Structures are given as C-alpha cells and as structure tokens.
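Inspection log for the structure reproduced underneath, given as structure tokens.
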Amino acid sequence: KSLEKQLEYFLASKGKFLFAQLDDLSEKILDLLFDFYPDDLHDLVGEMRQSQIIIQSLEILTTAEEEVESLMQLIQENIEIQEQEMGAVHIRQTEPESFYYDLLRLSSNDSFLDRINFKKLDSNIEYHSEKEIFDKLGQKFVSAEFRDDIDRESMKEEDLIAFDDIKGVIHTHTTYSDGLQSIKDMALASYELGYEYLVVTDHSKSAFYANGMQPERVVQQWEEIDALNHSGSPVKIYKGIESDILSDGSLDYNSDVLKGFDLVIASVHSNLKMDKEKATKRLITAIENPYTRILGHPSGRLLLSRKGYPIDYKKLIDACAANGVVIELNANPQRLDIDYQWIEYIMKKNVSISVNPDAHSVKGIHDIKYGVLAARKGGLLKDFCLNIKTKQEFDHWLSEK
C-alpha cells in the first residue's frame, strides 16, 4: 500500500520543479534576453515571480518581436539546459505599451486581481510601472510574491523578514558527520557572507547512515570549537547537535552529553512510517525534553519525492508554545519544512521560527535565501524569527532556558 502511495506521489510530481531548480536558469534566460534585446523589456511572470515553492512553468514576458521559436532556439543555443527544464520554459510576448499591465496581470492570482478591482483598469492606457497601476487603482503596492489567494490587507511588507535580517547560520553539518567541509571552512564562509555566528549541528550517534557522532567524537568537536573561538574565529561558533528523535520520542544522548551543547535541534530521521497519533506523540515527547531548543524539519517531507508523515500541527505548535521551543523552517529547497502555511498560527501562539539552511557544505549556506522566500510567503514578521538576533542577543536567548 505504501509503495502504491509513493508511486502515486512520484507520478503526481512529474513535470514539476522546486523553485531553486529553476532559479539560476530564470536569471540566465533574462540576462540572455537583455544581452540580445537591450532595448526591449523582459521579466519573469507567473509562479517564478510569485516565488512559489513548486513550479510547473517558467514564464517570461518580453516585448522582443522575434518569433517565439527563434527566442526558444536562442535559449537552447546559449544556455546549458536539460530537455525537461526546457519544456517548462514559456515565452509570452506583449507590446511595450502593455508590458506593465500584462506583468501585473500574469503575476497575480485571480482572487488578488478581484480584490484590487483590476478589471476596472483601462487596458488601452500605457503604464510605466506596476506601482503606477496600483496608484491608479487607489491601492497600496503589493509585490508579486504576495499576490495570491491569501488576503494580506493588514500586512506591512517592511515588518516582514528579509534576507539581510538574518544574522546567524543555524543548523550546519561538517566533516564530523556527513558534511563536506571543516568547521573552520564553514565559519570562514559564514563570515564572508556577512553572518555573525555559526551553530554547528552535526548528526547524533544513532544516525549511522550519516556518520553520526559517538560521544568521544562530540568531545573532540567541542575541543576544536573552543580552540577556533579562542584563536580568533571571525564568527562565534556554537556547539550544537542535530539529535535524532528516537522512536519513543527520547533524544539520542544521555543528559550528561546533552547538557554540554549550546543548542540542541531535535529531528526525526528514521522510522518515518507513522500514523498521525504516533508521529504527533513522538514529536511532542521530544519537544517536552528540557534540552530541546529547536524542532527540526517537523514533517520530514522531501518535496516532489516524499510526503511528510501526518501530524496534528496545532497540537505540535501548542506544545512548542508551552515549552519555549522554536520551530525550524528548514531552508533546504527539498524540505522548506515547516510549511509556510502554518506561520500565521505559529505567530498567533507566540512561537518563534528559525530559518535554517541545514547546510552540508559552504554552498548549502546559500539556501537561507529559499527559506526566507518561503517565510515571507507565510508572512513571517521579523519579531518572530530567531536568527535575526545579533550574537549578543543570541547569547542571551541561549542562557534563558
């Protein structure tokens, strides 16, 4: 039965892409069009411009008069692109005087267009920006990522989390478990990207599939972190762990080991076939553990390849509220877990979210971008994000529990 469900999920995912898979490609296509047609207007529309986490179509609006077939050929000849990805590329052409009208129309859901009375607009008038159209309609400007089915009337965009707000890199793996780079390399990369601190959270001992750390390796890692901090690491390095949540909900080390960490992220990685009651109970037991500070990727989902296990999200979030536990929004493009649709409820319960890259390499730190995009879509306010804290504020938060 579960194999049948997996197959159904696989077939339903065919022809779909993660936003991150098409992100670089979309930029390359736009750059190419601007290079060849510098006097024309070009921009993304549709799902990519709305920063949807799952993409079926990479749509580009252009005023270039060249035949669509020729433009597609231009892309194929100048950009390394797989056939499957090429199948997702769609070019829409328009006249220069209609560009911004069409840009807005093709980057918004119907329900959003109804809310701003878009149909009242005269389509024969030339507009010179989307903002001009919003002004004409007597509406405040809303960027494309928020033009969906959710009414965000009360939302102030300036209060939302933005990429530059993130001060610390939380949830990273090094060569101590299944990461590709050393602690020193991860610290240096974090510094070069403008971050103030790095929390190293390698896998715990039960994660044998990921070279999980036995207690003696943990002590070895702590000594290295102390040495790096004392020798003037450009960022503060914290001793963390991504502790497996075992089948009964307990964490992976005894309290003597757990109390030595600055930060414990508790995550499920094994025995994923659970019903809703068992999954919820297992996670809540881990949340209630006094050493748990962050609940990692709560549903265990891998977008387009594995559905998450079923959970009673409200009970889970309520338990985090009762125990002062932060919920991770895992920024790995395959996870983006917890789903952004729960952010409103999380904030309502006064629970914080940590936007974490789950980086297994220096390159993986860049995934914070995708977590921030998902967090913004869910309306995450700066005040509810853990890692916008400065190093001093983060130290204070660590000392609170």
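We use all heavy atoms of the structure for the numbers below, so side chains are in, but hydrogens, waters and symmetry mates are not. When a residue number appears, it is its place in the shown sequence, counting from 1. This one's a predicted model, so the numbers in the text were calculated from it and none came from an experiment.
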Hey, is [atom1] on [X] packed in by over 12 heavy atoms from elsewhere, all under 6.0 Å?
{"X": "E67", "atom1": "CD", "answer": "no"}
{"X": "K140", "atom1": "NZ", "answer": "yes"}
{"X": "Y313", "atom1": "OH", "answer": "yes"}
{"X": "E158", "atom1": "CD", "answer": "yes"}
{"X": "D275", "atom1": "CG", "answer": "yes"}
{"X": "F208", "atom1": "CZ", "answer": "no"}
{"X": "Q139", "atom1": "CD", "answer": "yes"}

| F394 ring center near Y197 ring center (under 6.0 Å) | yes
Using atom types as modelled and distance alone, determine if a side-chain donor or acceptor of [X] lies under 3.5 Å from a backbone N or O of [Y].
{"X": "E47", "Y": "F19", "result": "no"}
{"X": "D165", "Y": "A162", "result": "yes"}
{"X": "K369", "Y": "F163", "result": "no"}
{"X": "D24", "Y": "E27", "result": "no"}
{"X": "E157", "Y": "V142", "result": "no"}
{"X": "T285", "Y": "G249", "result": "no"}
{"X": "S108", "Y": "L104", "result": "yes"}
{"X": "S26", "Y": "D23", "result": "yes"}
{"X": "E196", "Y": "K236", "result": "no"}
{"X": "T201", "Y": "T172", "result": "yes"}

If I compare all heavy atoms of [X] with all of [Y], which pair ends up nearest, and what's the gap?
{"X": "M48", "Y": "S57", "value": "CG-O, 4.5 Å"}
{"X": "P298", "Y": "I338", "value": "CD-N, 3.8 Å"}
{"X": "Y253", "Y": "K205", "value": "OH-N, 3.3 Å"}
{"X": "D252", "Y": "S204", "value": "OD2-OG, 2.6 Å"}
{"X": "M186", "Y": "H173", "value": "CE-O, 3.9 Å"}
{"X": "L336", "Y": "A374", "value": "CD2-CB, 4.2 Å"}

Regarding [X] and [Y], do their side chains bring together a donor and an acceptor under 3.5 Å, going by distance alone?
{"X": "H297", "Y": "E242", "answer": "yes"}
{"X": "T174", "Y": "D202", "answer": "yes"}
{"X": "Q214", "Y": "E216", "answer": "no"}
{"X": "S111", "Y": "N109", "answer": "no"}
{"X": "N332", "Y": "Q334", "answer": "no"}

Minimum side-chain heavy-atom gap [X]-[Y] below 4.5 Å:
{"X": "P234", "Y": "L188", "value": "yes"}
{"X": "C385", "Y": "I166", "value": "yes"}
{"X": "L71", "Y": "L33", "value": "yes"}
{"X": "I294", "Y": "H171", "value": "no"}

Rounded to the nearest 0.5 Å, what separation is found between the [atom1] atom of [X] and the [atom2] atom of [Y]?
{"X": "N229", "Y": "L198", "atom1": "CG", "atom2": "CG", "result": "9.5 Å"}
{"X": "E393", "Y": "K167", "atom1": "CD", "atom2": "NZ", "result": "8.0 Å"}
{"X": "L121", "Y": "F134", "atom1": "CG", "atom2": "CZ", "result": "10.5 Å"}
{"X": "R376", "Y": "F146", "atom1": "CZ", "atom2": "CZ", "result": "4.0 Å"}
{"X": "L263", "Y": "Y238", "atom1": "CG", "atom2": "OH", "result": "10.0 Å"}
{"X": "I125", "Y": "E97", "atom1": "CD1", "atom2": "CD", "result": "12.5 Å"}

| request: Output, in order, the C-alpha distance, side-chain angles, deciding distance and verdict of salt bridge (charged side-chain N to carboxylate O under 4.0 Å, His left out) for R49 and E59. | output: CA-CA 9 Å; R49 191 146 183 270; E59 296 177 82; over 6 Å; no
| message | Quick one, I265 with V199, criterion side-chain contact (heavy atoms from CB on, under 4.5 Å). Give me CA distance, side-chain angles, the key distance, then yes/no. | response | CA-CA 10 Å; I265 298 175; V199 186; 5.9 Å; no
| field | Residue pairs fulfilling salt bridge (Lys or Arg N to Asp or Glu O under 4.0 Å) with at least one residue in residues 218-229, sequence neighbours excluded | value | D226-K239
| said: Applying salt bridge (Lys or Arg N to Asp or Glu O under 4.0 Å) as the test, list every pair that has at least one member in residues 338-363; sequence neighbours left out. | reply: R301-D339, D318-K349, R335-D358
| task | Take W342 and I327, measure what side-chain contact (heavy atoms from CB on, under 4.5 Å) needs, and give me the verdict at the end. | result | CA-CA 11 Å; W342 285 102; I327 295 175; over 6 Å; no
| task | Over 60° means perpendicular and under 30° means parallel, so classify the ring planes of W222 and F261, tilted if in between. | result | perpendicular
| field | Intermediate values then yes/no, ring-ring contact (aromatic ring centres under 6.0 Å, His included), Y101 and F118 | value | CA-CA 10 Å; Y101 176 90; F118 185 75; 4.9 Å; yes
| Step-by-step side-chain hydrogen bond (donor to acceptor under 3.5 Å, both in side chains) determination, Q82 to Q84 | CA-CA 5 Å; Q82 293 175 2; Q84 193 186 1; over 6 Å; no
| With a 4.0 Å cut-off, would you call K131 and D135 a salt bridge? | yes
| query | Taking it one step at a time, do I81 and V89 satisfy side-chain contact (heavy atoms from CB on, under 4.5 Å)? | reply | CA-CA 10 Å; I81 183 168; V89 177; 4.2 Å; yes
| salt bridge (charged side-chain N to carboxylate O under 4.0 Å, His left out) assessment of K389 paired with E400 | CA-CA 14 Å; K389 291 182 185 297; E400 282 178 334; over 6 Å; no
| Identified side-chain contact (heavy atoms from CB on, under 4.5 Å) counterpart of I353 within the set I343, V326, I161, N387 | I343
| task | Please lay out, stage by stage, how D102 and R92 fare under the test side-chain contact (heavy atoms from CB on, under 4.5 Å). | result | CA-CA 10 Å; D102 285 336; R92 293 172 175 267; over 6 Å; no
